[in-house]
There are 2 protein chains.
Amino acid sequence: MARPRTFDEDSALDAAMRTFWEKGYEATSTQDLCDATGLGRSSIYNTFKSKHDLFERVLARYVDSMTAAQLAVLEDIRRTPVDRLRALFAMVVDGETGAERRPGGRGLGCLTVNTTVELAARDPRAAEMLDRDTRRRLTVLRAVIGEGQRDGSITSRREAGALARFVNAAIAGMRISSQGGADRAALQSVADITMDALTA
Amino acid sequence: MARPRTFDEDSALDAAMRTFWEKGYEATSTQDLCDATGLGRSSIYNTFKSKHDLFERVLARYVDSMTAAQLAVLEDIRRTPVDRLRALFAMVVDGETGAERRPGGRGLGCLTVNTTVELAARDPRAAEMLDRDTRRRLTVLRAVIGEGQRDGSITSRREAGALARFVNAAIAGMRISSQGGADRAALQSVADITMDALTA
DNA sequence: CAAGTTTTGTACCGACCTATCCATAATCAA
DNA sequence: TTGATTATGGATAGGTCGGTACAAAACTTG
């Protein structure tokens, strides 16, 4: 039909994702996005309507892949419910203390949490995406926790939904702690104590 | 000696604080700060060296007042250690669900958490202020928790320091949850379950 | 090859950004 | 009243912002 693209859209989204993730939405300029993706302004604006549209695409991609990975762990029927929760926490700890650490040894945090802080209050579209994602994760978390309550491995008598929100909040708290400089051992102990609330 | 100021510096700092708190550092323009404080650009730049300097002053003021209020609760010798922790959580719940809610019913969050997410990685001075504040709060939290362990009201055998980091992370998680739209009951149940980890 | 279509690079736009300059106003000390 | 000093308002500088216009390039189809 016509001249084909010389770049891969998903790769561009990944590059943009890293930039938004590290710097935040406001602090990322369109020039930063050109540099990160290696694309010219025309290619970016020809492919995405605007900086904000690109960000929405990035956020959707991030949320999908991140939640998919978490749900894969939570729905792994080869493990017990408690083991799945432990594996979820291990993912978070690894993610925050992996190869890509920021200058000063801080974790990258999570684009979901970062966007909740920076944009949720004044960007309804971003807020809606985050809400949907949170509900999705909470639903599965509640199911896993309910299963653990039924098989006796989770001894807390609290409502499964409340425990799910607690686990979700604990993960967010771990990510904030990591961005605040907490090391791997500190994050792991927060995860361990979070599990205490369910099993002790 | 010379012409006196016609405004109160602390009031200006409070007005600027609300703006940075609601919009974040990057999204707040110097014009926003003029509007919020009612001052002209000259007065702002004559009183504070720059937008960033003003932000540092704001952050210092916020951190001091916020932590002072929390430490007052944590060091209230009329209460038992567990009661102090419950009162601390009540402060957080009230703060996130008080009169000042954002459009969409979301909590304001906490300038400390917001700044950790937005700036800690690339603003060493802000990061240092946040670090000092976190250490200060963790020290007192650990002391209270240790006291509770000695008097038997906190039954967890985990290290007091680890429990302190856990409580700190839980509070951050509650603030993120609030900004994500969690209501008062949801926040309270997260607080309750957090206490379970210490006392159950 | 030629016509048609899309991508790409470059130059550019107006708006807004942080910050400064400077003239004027307001105060105090003498 | 006068001189020194600081505060204030308005204009503006210099740069960057997100976004666009346009022509050349690169491809497909006939």
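Reckoned from all heavy atoms, side chains included, excluding hydrogens, waters and symmetry mates. Below, read A as the first sequence line, B as the second, and so on, with proteins coming before strands; counting in each chain starts at 1.
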Enumerate the protein-to-nucleotides 12-17 of chain C contacts in which both atoms are nitrogen or oxygen and the separation is below 3.5 Å.
none

**OP:** For DNA chain D, note the earliest and the latest nucleotide, 5' to 3', having some atom under 4.0 Å of a heavy atom belonging to chain A.
**Re:** D:dC17 to D:dT28
Report the distance from atom [atom1] of [X] to atom [atom2] of [N], rounded to the nearest whole Å.
X: A:F48; N: C:dT7; atom1: CZ; atom2: C1'; result: 14 Å
X: B:I44; N: C:dC21; atom1: CD1; atom2: P; result: 18 Å
X: B:L33; N: C:dT18; atom1: CG; atom2: P; result: 8 Å
X: A:D8; N: C:dT7; atom1: CG; atom2: C1'; result: 16 Å
X: A:E9; N: C:dT8; atom1: CD; atom2: P; result: 11 Å

Original post:
Is the backbone N or O of A:T112 less than 3.5 Å from a side-chain atom of A:T116, with the two atoms forming a donor-acceptor pair by type?
Top reply: yes
Subject >> Heavy-atom donor-acceptor pair, B:T67 side chain to B:D64 backbone, under 3.5 Å >> reply: no
Original post:
Just wondering, do B:F55 and B:L119 contact through their side chains at under 4.5 Å, heavy atoms?
Top reply: yes
Original post:
Checking B:K51 against B:Y25: charged group under 6.0 Å from the ring centre and within 45 degrees of the axis?
Top reply: yes
Original post:
Looking at A:Q179 and A:G107, what are the two nearest heavy atoms and their distance?
Top reply: CG-O, 3.6 Å
Subject >> Exercise: identify the closest heavy-atom pair between B:C110 and B:R175 >> reply: CB-CD, 3.1 Å
**OP:** Please determine if B:R157 and A:D196 form a salt bridge, counting it only when a charged side-chain N lies under 4.0 Å from a carboxylate O.
**Re:** no
Original post:
With the threshold set at 4.0 Å, does a side-chain nitrogen-carboxylate oxygen contact exist between B:D14 and B:R18?
Top reply: no
Subject >> Closest-nucleotide 5' rank along DNA chain C - winner of B:K49 and B:T6 >> reply: B:K49
Original post:
Between C:dT8 and A:S43, is there an OP1 or OP2 to side-chain N/O distance shorter than 4.0 Å?
Top reply: yes
**OP:** Look at the side chain of A:S42 and the base of C:dT10, then say whether one donor and one acceptor between them are separated by less than 3.5 Å.
**Re:** yes
**OP:** Scan for salt bridge (Lys or Arg N to Asp or Glu O under 4.0 Å) pairs involving residues 32-42 of chain B, sequence neighbours excluded, and state none if there are none.
**Re:** B:K23-B:D32
Original post:
Checking all strands, does B:T47 fall into the base, sugar-phosphate, or nothing category for heavy-atom contacts under 4.0 angstrom?
Top reply: nothing
**OP:** Taking side chain to side chain donor-acceptor pair (under 3.5 Å) as the test, write out the residues that go with B:E118, two or more places apart.
**Re:** none
Would you list the protein and nucleotides 3-6 of chain C atom pairs, both N or O, that sit under 3.5 Å from each other?
{"residue": "C:dG4", "atom": "N2", "partner": "A:M1", "partner atom": "O", "Å": "3.4"}

Subject >> With A:S11 via side chain to side chain contact (heavy atoms under 4.5 Å, CB included) - residues at least two apart >> reply: A:D8
